[in-house]
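All remarks here apply to the structure that follows.
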Amino acid sequence: MAGSGPEACPVAGRVRRAPPVNQPLLGQQAVQALGIRLRDLRRDAGLTGRELATSCGWVPSKVSKIELGKQVPSEDDIRDWCVACQFPSEISDLVAAVRSIDAQYMDWRRSLKTGTRRRQRANIDAYEKTRLIRAWEPTVIPGLLQTAPYARGILTTVIDFHGIPDDIEEGVQARLEAQRVLGRAHRRFLFLLGEAALYTAVGDREAMTEQLRRLLDATHAPRLSLGIVPLAAPYTVPRNNAFTIYDSRMVTVATYTAELTLRQRHEVTIYEKAFDRLMALAVRGEEARRLVGQVLNDQGEI
C-alpha cells in the first residue's frame, strides 16, 4: 500500500516513507489506542504537538494524525517520538505494538496478487499447526466442508470481485487438499453456519444439491461437530462476520478488503465468547440434518 511520501528526520538522519493513513475498520481500535499512548508520553514530557514535530523534523499535522489514530507510525517514528519525549524505555513495547498492528492486516490485493492457490496453501499450513479449529460462517459453507463444484463457485466469485489472475482449478485443488486435515488424528473441528448458508446459491442446482448432501455426511463424521444457527434464533451476539479460531492462539476475520489476523489474548477471548454464544444457539445432530433435509426436499431432491 502506498505511503504519503518520504519524510526526513534529523534525529536519526534517515529518510523513510510514511505508512498508509487509512486503516481497515477492524484494526482501527488498536491504531487509536497506540495514538493515545503516544499522546500521553508527549504530555508527560511537557511538549506541545508542534514542539515534538519540530524536534523530529516533521510537519505538525503528523503528530495530530498519529495521536488521533489516522496514521500508523513507523518503527522509526516510535523511536524518535520516545527519544524526543525522553522516554527511551518505552521504545521496545511500542515498537512491538506497531508490529502487531502490521501483522494483523493482510491486504487481499497482496494476498491474491498471483491468484487463489497461494492463499489456499497458506490455509493448509495454518490447519496443520492446529489441534482445535472453530469456524463460523453466516452465509456460505466453510471451506473445509466444500465440494469441488461449490468451491469453484466461491473462488470464481473471489477472482471476479477482486480482479485477480484466474487460477480457478489450482485454487479448487488446493482447497480440497486442505480438507485432508479432517482425517488427521488428535484434531477436532467445530463448525457453525447460519441457516442462510443452506440457501445461498453457489453454482448451479446440481452443485448445491451435492454440497448439501456433503453437509449431511459431515454430521456423522468423527471428531467433527456441525451446528446450524436457525434464522429464528434470538439475537444474543453479532453474527454478521465470518471468523476462524485456531486453537486459542489466533483468529482470522475476512473483510471485503483484507484478512485480519488477531493474536492478542484479549482479542481471541472475545471471539471465543462469540463462538460460545453462537454454539448455544445452534442445533446439531438430528435437528441439523432436518434443516438440511428440508432444503433438499424443497428442491425436490429427496
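Quick note: residue numbers are just sequence positions, from 1.
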Practice task
Could you state whether I270 and L278 fall into the same hydrophobic cluster, counting links through intermediate Ile, Leu, Val, Met, Phe, Trp or Tyr residues with side-chain heavy atoms under 4.5 angstrom apart?
Solution key: no
Exercise for the section: Applying side-chain hydrogen bond (donor to acceptor under 3.5 Å, both in side chains), name anything that partners T219, two or more places apart in sequence or on another chain. Expected result: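 T219 satisfies side-chain hydrogen bond (donor to acceptor under 3.5 Å, both in side chains) with R289 only.
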Show me the donor-acceptor pairs within less than 3.5 Å that the side chains of residues 136-145 make with the rest of the protein, sequence neighbours left out.
| unit_1 | atom_1 | unit_2 | atom_2 | d |
| --- | --- | --- | --- | --- |
| W136 | NE1 | R239 | O | 3.3 |
| W136 | NE1 | N241 | O | 3.3 |

Distance (rounded to the nearest 0.5 Å) between [X] [atom1] and [Y] [atom2]:
X    : Y    : atom1 : atom2 : answer
T252 : R263 : OG1   : CZ    : 10.0 Å
T147 : M208 : OG1   : CE    : 9.0 Å
I66  : S61  : CD1   : OG    : 9.5 Å
F191 : S225 : CZ    : OG    : 9.5 Å

Exercise for the section: Classify the side-chain pair T157/D160 by whether it contains a donor and acceptor separated by less than 3.5 Å. Expected result: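 Per modelled atom types, T157 and D160 side chains form no pair under 3.5 Å.
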Exercise for the section: Answer with yes or no whether the side chains of T48 and R42 bring together a donor and an acceptor at under 3.5 Å. Expected result: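 Absent: no donor and acceptor within the cut-off.
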Handout entry: Heavy-atom check, side chain of R152 versus side chain of E169, under 4.5 Å
Key = yes
Problem - Partners passing side chain to side chain contact (heavy atoms under 4.5 Å, CB included) against A196 (at least two apart in sequence or in another chain) - result: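 Expected list: L231.
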Practice task
May I ask you to decide whether D40 forms a salt bridge with R37, counting only side-chain N to carboxylate O separations under 4.0 Å?
Solution key: no
Handout entry: Under-4.0 Å salt bridge between R265 and E272
Key =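 Between E272 and R265 there is a salt bridge, with a charged N closer than 4.0 Å to a carboxylate O.
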Exercise for the section: May I ask you to decide if the ring planes of F243 and Y271 are parallel, tilted or perpendicular, using 30° and 60° as cut-offs? Expected result: perpendicular
Problem - Any donor-acceptor pair under 3.5 Å from D93 side chain to V95 backbone - result: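 Judged by distance alone, no pair lies under 3.5 Å.
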